[in-house]
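Taking it in order: structure first as structure tokens, then the write-up.
Chain naming here is simple, since letters A, B, ... match the order of the sequence lines and numbering starts at 1 in each.
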Amino acid sequence: MQGGLLHQALSSTQSLHARDVRPNPSSYACFLQRCARSKALLAGHYIHARIIADGIHHGDSLFGKLLLEMYGNCGCPDDAYKVFHHVQHKDLQCWNMMIAAYSHVDHIEQVFKLLHQMLMQQVRPDDGTLSNVLVACTSASSLTHGRLVHTYMILNSLLTSVSVINALITMYGNCGSLCSTRKVFLAAQHKDVVTWTAIISAFAKQGHATEALDLSKEMLSEDVEPDRVTFISILDACANLEASEMGKIVHTLITEMGIHIDVVLGTAVLNMYGKCGCLQCARLLFQTLQRQSVVAWNAMITAYVQSKLCKEALQLFYQMLKAGVKASKVTFISTLNACVKPQDLAEGMLLHHFVVENGICARSDIIVGTSLLSMYSECGSLYDAQNVFDSLSRKNVVSWTALLSAYVKHEKYSEVLVLFSKLDRKGISPNPITFLTVLDACANAKVSTSGDLAFSLIIEDELKLDSFLKTSLVSMYGKCGRLEDAKHLFVSVSPKNVVLYTAIIAAYAQCNHGKEALLLFQQMCQEGLKPDKYTYSGLLDAITGPATSLDGKIFHSLILEIGMESETCVGIALLNMYRNCGTLDDAVSVFVGLPTHNIVSFNAMLAIYAQHQEGYAAFELFQRVQNEGFSPDHVTFISTLDACAGSIDLVQAKSLHVNLVGTGVIYDTVVKTALLNMYSKCGDFKGANDIFESLLERDVAAWNAMIAAFADHGRGKEALELFKRMRGEGVNPDGVTLASVLLACSRAGLTKVGREYFDSMSAVYGVEPTVEHYACMVDAYGRAGLLNEAEDLLKKMPNHPSPVAWLAFLSACKVHRDVKRAKHAADRIFELDPKHTGARLMLSNIYAVAGMWNDATSVISKIT
DNA sequence: CTAGGGTTAG
């Protein structure tokens, strides 16, 4: 366009000159108007130069205005000002044009300077002036400047024309003062379609879509006919409310009224369908557009992302490029949202590359930069997210909140709290979303003191403590075990919604107040609120321990009845419930019934396999996790390694190790300890020892695992040496350590040494002996054939001796063929657990070996 | 010269 116009200007003036004819000023004027309309700056500059060359003074009022208009339209207010400066007789129109030139771009200070100048020169502003000034306030989002103009208008009784009032309504709407918008609207004597559209748009844009729709209805009842632009705003409100029914009605109405659906209106309809989740309708509309603008493509990409069809969204992006449409900033922002998993990282990086290639500077464009930050975080690279943040030349509360959110996602809660404490120094005021993010971190880190701090800041900043924030606080206090505080906040919210109830129910459940949780669940239902998948999942946490396993079954059937079992989060909660109280079969049936899995559901099942020592099943499930493209995390590895310890062969064990290498998870001490334990239990002592020696930091669990490994491999003396090394490094042993030490003594035949450790446990190490320690000692005596000592020890056991300790003794009796003691030991076990099958089998075996067949048969026959 | 409009970051 621009090149064409320039060429035309050049050739026509040149041909005139060739014939030595001076171009007629009216042809210059005509060209200038065309340049202004087409925003052809280059051609405009050329005409300007010719005008000067032809000796026409650009202070001439005709050319002055034409040049002003041209430069203003082309977005060059400074060039316009040079012309304005030379205009000799500045009339009102000149002033208005100059102000308009500055009001289109962000030059609010210049606009007010001009306004001041014209007032000084006794030029009275008219409606046009005021409209222009208000447009400047709107585009600068400056409520202060806007209010100033409003005051001036009131003082000078200038609130007369509809157009100025409309500009005022728009200004207040755009600057976020809905209250003032409403006041001006209500005071307006005459309202036209623009007035109504301005206020509907203001409410829709500021997140008050319900009021926007109410206003739309009021407008219709007052017999004001909506036009294309009005419908765009109404559709915006429908989109925000996800009111698809209303949206469809509006769409039909538009068609019935015979309003032409152009690209802009069409995109608004498309967007409404996209936001309402009607992807098919959106797609259909997209195809019927005469021209697919970049905005329409962007809306379409967003629609796919919101429907979680990320792959399709990316495909659309490439289709768009193929169709020859140039991607805009918004295109990249929308498409980056489609990268949400670690597998999308490469795609996200490619998009980052395109952003740079398209000349968009992510460092200075805070919105694009923040989108990139979130993309990297979602795709699992906290490192890149932090790098993008560091590179931003300007940071605002949104970019800071995005960073905090990235650290929350990566479970680095203490870092979140440190970053949050820096906000104040950086001059950033947290907003409600910042607080929601920080409270999430406090809850997960169980640091309620930081939550208290956030709470006090919310109050201090006079932020509205709305039900969202209160719900988040309830949840945080619940997770931190401060039930009273959670309850206090819960009570203060009215009316209560499902999310709030879910939070308090989960709080009670997590604090082991299952009964209260159930009562609140009941109360919620009585209030007519419908529990959702999260409510059920939180409630299931309340069902723990064998004592309540009945409730668990009842709840499971209730969940099946309402068809909630196919929700992944409910399934996970059911799995966790059966992990506490249930059989392997119960768990497997829940797991198999889940249509979609995530890494957490896999982890839950793996933990159950570990609990039931189903190593091979766990190994297979782990392979499925990998084959289906999920990224195992540290929990996945810990459960798998625990489950597989002792049940898989060494080749399989090594394959798990190989999978670990190259994931960041390998640096986790807990994971390495599980790996060590697996190697040991799978018979590879050297493998276990290598892992242990490779550890940079060793916690008590790591020491325990290695001591147990020595003991298990019959290297009792070395186990004891390692124990001494552990003590030498200042690590305090716990009950598990001492059990392993006793086991090592037992295996090495060091009964006396074992007894010394046993006797000094409480005094030297501060660990009270438990059943397990007694059982170890009984086992040690039993192996050494010291049945008297073993029996003495059992009699000294505090509280009631448990079947475990007696079973160790029974086993020793078997080895030493002591039928009398065996019968006594078995009787003790049957007193504690009459159905103890293991003890019956062992006793029967002892009788059989002694040739006491009748007794053997009689003991076995009692097995039920 | 002058009032209302489609996509977009936590």
request  = Using a heavy-atom cut-off of under 4.0 Å over every strand shown, decide if A:Val164 touches base, sugar-phosphate, or nothing.
outcome  = nothing
query = When the distance from CG of A:Leu270 to P of B:dT7 is rounded to whole Å, what number comes out?
reply = 11 Å
message = Tell me whether the side-chain N or O atoms of A:Thr195 pair up with the base of B:dG4 as donor and acceptor below 3.5 Å, since no angle test is needed here.
response = no
query = Is the distance from OP1 or OP2 of B:dG5 to the nearest side-chain N or O of A:Ser201 less than 4.0 Å?
reply = yes
ask   = Base, sugar-phosphate alone, or nothing: which one does A:Asp262 contact when heavy atoms must sit under 4.0 Å apart?
value = base
query = Within the structure shown, what part of the strands sits under 4.0 Å from A:Val368 by heavy-atom distance: base, sugar-phosphate, or nothing?
reply = nothing
remark   = For A:Ala296 and A:Leu270 the tightest heavy-atom approach is O-CD1, 4.3 Å
message = Any base atoms under 4.0 Å from A:Thr230, or only sugar-phosphate, or nothing? Heavy atoms, all strands.
response = base
remark   = In whole angstroms, the gap separating P of B:dC1 from CG of A:Asn132 amounts to 10 Å
key: Geometric class of the A:Phe354/A:Phe317 ring pair [parallel <30°, tilted 30-60°, perpendicular >60°]   = tilted
message = Nearest whole Å is fine: how far is B:dA3 P from A:Leu134 CG?
response = 11 Å
query = When all nucleic acid strands are considered with a 4.0 Å heavy-atom cut-off, which category describes A:Asp227: base, sugar-phosphate, or nothing?
reply = base
A:Asn298 side-chain N/O to B:dT8 phosphate OP1/OP2 under 4.0 Å = no
query = Near DNA chain B, under 4.0 Å by heavy atom, which residues of residues 312-323 of chain A?
reply = none
message = Check the phosphate of B:dT7 against A:Lys205, side-chain N and O only, distance under 4.0 Å to OP1 or OP2. Yes or no?
response = no
request  = Could you state the atom-to-atom distance from CD1 of A:Ile232 to P of B:dG4 in whole Å?
outcome  = 13 Å
task = Give one of base, sugar-phosphate or nothing for A:Thr129, where a contact means two heavy atoms less than 4.0 Å apart.
result = nothing
inquiry  = In this structure, how many angstroms lie between the C1' atom of B:dT7 and the CD atom of A:Gln292, rounded?
reply    = 14 Å
message = Under 3.5 Å, is there any donor-acceptor pair linking the side chain of A:Thr370 to the base of B:dA9?
response = yes
